[in-house]
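Written out below as structure tokens is the structure these notes cover.
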Amino acid sequence: MTGPDSPPTLVGERVTLCPLRVADIAPLNAIIAQPDVRQWWGTDPTVDDQDAFTIVVDGEIAGWVGWYEETDPDYRHGGMDIFLSPAFHGRGLGREALLVVARWLVGERGHHRLIIDPAAANTRAIRTYTSLGFKPVGVMRRYEQGPDGTWHDGLLMDLLADELSPS
Ligand SMILES: CC(C)(COP(=O)(O)OP(=O)(O)OC[C@H]1O[C@@H](n2cnc3c(N)ncnc32)[C@H](O)[C@@H]1OP(=O)(O)O)[C@@H](O)C(=O)NCCC(=O)NCCS
């Protein structure tokens with residue numbers, strides 16, 4: 001997205017979220033190729049230039065947060081997706097990156113509701129999203145195709161603006 005509606009760079013305590021640049025795509029695709037990320041990514045293990053932020057930590061590319069908006073006024077909501085390089089896992093950085101983007105979607109883009117849809121088996125991701133205030137809506141059966149080509153259940157989670165964790 002370019003022009004007056006372009007997303008800004010978002011700054012958290014430890015993460016900086018830069019609107020995705022073409023130059024980030026190759027290093028991000030190398031992160032997806034790592035097994036601990038690849039197992040949770042679908043049949044196409046790449047990102048392109050969709051709406052997203054590159055997660056930068058200490059000047060290094062650490063991961064990616066994708067975001068989107070449903071613009072039908074009657075169903076308006078925002079959504080997110082994330083991966084972090086395994087070298088950056090387990091330090092609360094994924095949680096922080098999502099919190100910063102969620103605050104932006106609610107505060108600046110005016111969304112009253114956000115969704116996220118991890119694989120039902122991705123307990124680490126579900127724990128992270130729950131700690132931000134997301135609640136399970138229900139299991140979407142055989143929702144997504146995994147890297148092995150089989151269909152996996154997904155968990156739809158949503159969050160209302162006033163449920164977003166304050167920190
Ligand atoms: C899912 C993913 C984004 C989570 O990010 P993460 O930074 O590893 O996870 P968190 O931010 O929750 O941190 C993980 C653990 O670090 C701990 N932690 C360490 N330091 C922390 C800090 N300063 N602040 C908060 N948590 C901290 C947390 O307690 C948490 O442990 P717990 O869940 O047992 O309580 C990341 O693991 C990932 O990219 N995985 C592979 C791809 C993937 O699954 N993507 C999701 C697709 S839906």
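Each ligand, and each atom within it, is numbered from 1 in the order the structure gives. Worth saying up front: this structure is predicted, and the values here are computed from it rather than measured.
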Spacing of Q34 atom CD and W41 atom CH2 [to the nearest 0.5 Å]: 13.5 Å
Rounded distance [0.5 Å steps], CZ in R76 versus CD in E70: 9.5 Å
message: For W64 and F83, take the angle between the two ring planes, folded into 0 to 90°, and tell me which bin it lands in: parallel under 30, tilted 30 to 60, perpendicular over 60.
response: parallel
message: Applying side chain to side chain donor-acceptor pair (under 3.5 Å) as the test, list every pair that has at least one member in residues 122-133; sequence neighbours left out.
response: D36-R124, H89-R124, R95-S131
field: Protein residues having a heavy atom less than 4.0 Å from any atom of ligand 1
entry: R14, D36, W40, D81, I82, F83, L84, H89, G90, R91, G92, L93, G94, R95, P118, N122, R124, A125, R127, T128, Y129
message: Can you tell whether the side chains of D153 and R141 come within less than 4.0 Å, N to carboxylate O?
response: no
message: Please evaluate residues L164 and L159 with respect to the criterion side-chain contact (heavy atoms from CB on, under 4.5 Å), reporting the C-alpha separation (whole Å), side-chain torsions for both, the decisive distance (0.1 Å), and the verdict.
response: CA-CA 7 Å; L164 183 59; L159 171 146; 3.9 Å; yes
